[in-house]
Amino acid sequence: MDDSFYDQVYEVVRLIPKGRVTSYGAIAKALGAAKSSRMVGHAMAFAGTSKTKVPAHRVVNSSGLLTGKFHFSPPSLMQELLEKEGVRVEKDKVKDFKKVFWDPLIEI
DNA sequence: AAGATGACAGGCG
DNA sequence: CCGCCTGCCATCT
């Protein structure tokens, strides 16, 4: 569980600048596995248990929806962290998603 | 080895 | 605009 697919995801997520968010599909694409978007999400679930600290709260689905907020403790933590970083969140959705969206393909 | 699962994505009604 | 179904792929039991 170290040099696995998840580790690749963590690296990308860790590169996400503060106040920015990205989508699972974008990360999957950056890893060269656009169809493995689900694996990205699964990797995030392990992010909290993984040795490496991963800002999973900066990762949302393609609609900017905080799908995995329930995996946080408390679930509201995800939204709070985002707002604290300057990301507007409304109804579990990222406001101005296009503005705060960070494309790993461009950075990497 | 086979089946079930999942923080998704895209398409359809 | 919202909700449901299917596809995809890696991991786990």
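Numbered from 1 within each chain, the chains take letters A, B, ... in sequence-line order.
Nearest nucleotide to the A/Ser62 side chain, out of B/dG10, B/dA7, C/dT11: B/dG10. The side chain of A/Asn61 lies closest to B/dC8, out of B/dC8, B/dA7, C/dT11. In this structure, of B/dA7, C/dC9, C/dT11, it is C/dC9 that holds the atom nearest to the side chain of A/Lys35. Taking every side-chain heavy atom of A/Ser36 into account, C/dA10 is the closest of B/dC8, C/dA10, B/dA9. Counting only heavy atoms from C-beta on, A/Ser23 has its side chain closest to B/dA9 among B/dA9, C/dT11, B/dA7.
In terms of polar N and O atoms assigned as donor or acceptor, the side chain of A/Arg38 comes within less than 3.5 Å of the base of C/dC8 in a complementary pairing.
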Check the pair A/Leu31, A/Phe5 against side-chain contact (heavy atoms from CB on, under 4.5 Å), reporting the backbone distance first and the verdict last.
-> CA-CA 9 Å; A/Leu31 297 178; A/Phe5 187 90; 3.9 Å; yes
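Using a 30° and 60° split on the angle between ring planes, A/His57 and A/Phe72 fall in the perpendicular class, above 60°.
The NE2-C1' distance, from A/His42 to C/dC8, rounds to 15 Å in whole Å. Here the C1' atom of nucleotide B/dC8 and the OH atom of A/Tyr6 are 13 Å apart, to the nearest Å. In this structure, CZ of A/Phe46 is placed 15 Å from P of B/dC8, rounded to the nearest angstrom. C/dA10 atom P lies 16 Å from atom OH of A/Tyr10, rounded to whole Å. Rounded to whole Å, atom P of C/dT11 lies 16 Å from atom CE of A/Met44. Rounding to whole angstrom units, CG of residue A/Leu66 and P of B/dA7 are separated by 15 Å. Taking atom CG of A/Leu31 as the reference point, atom C1' of C/dA10 lies 13 Å away to the nearest angstrom. Distance CG (A/Leu65) to P (C/dC1): 15 Å, rounded to an integer number of Å.
A chain of hydrophobic side-chain contacts below 4.5 Å, direct or via other Ile, Leu, Val, Met, Phe, Trp or Tyr residues, connects A/Ile108 to A/Tyr24.
Annotation: of the two residues near DNA chain C, A/Ser37 and A/Lys93, the 5′-most nearest-nucleotide partner is A/Lys93.
For the pair A/Arg20 (side chain) and A/Lys99 (backbone), a donor-acceptor distance under 3.5 Å is present. The backbone N or O of A/Ala45 lies less than 3.5 Å from no partner atom in the side chain of A/Tyr6, so there is not a single donor-acceptor pair.
Contact annotation: A/His71 side-chain N/O to B/dA7 OP1/OP2 distance is under 4.0 Å.
Contact annotation for A/Ala56: base contact, defined as any heavy-atom pair under 4.0 Å involving a base atom.
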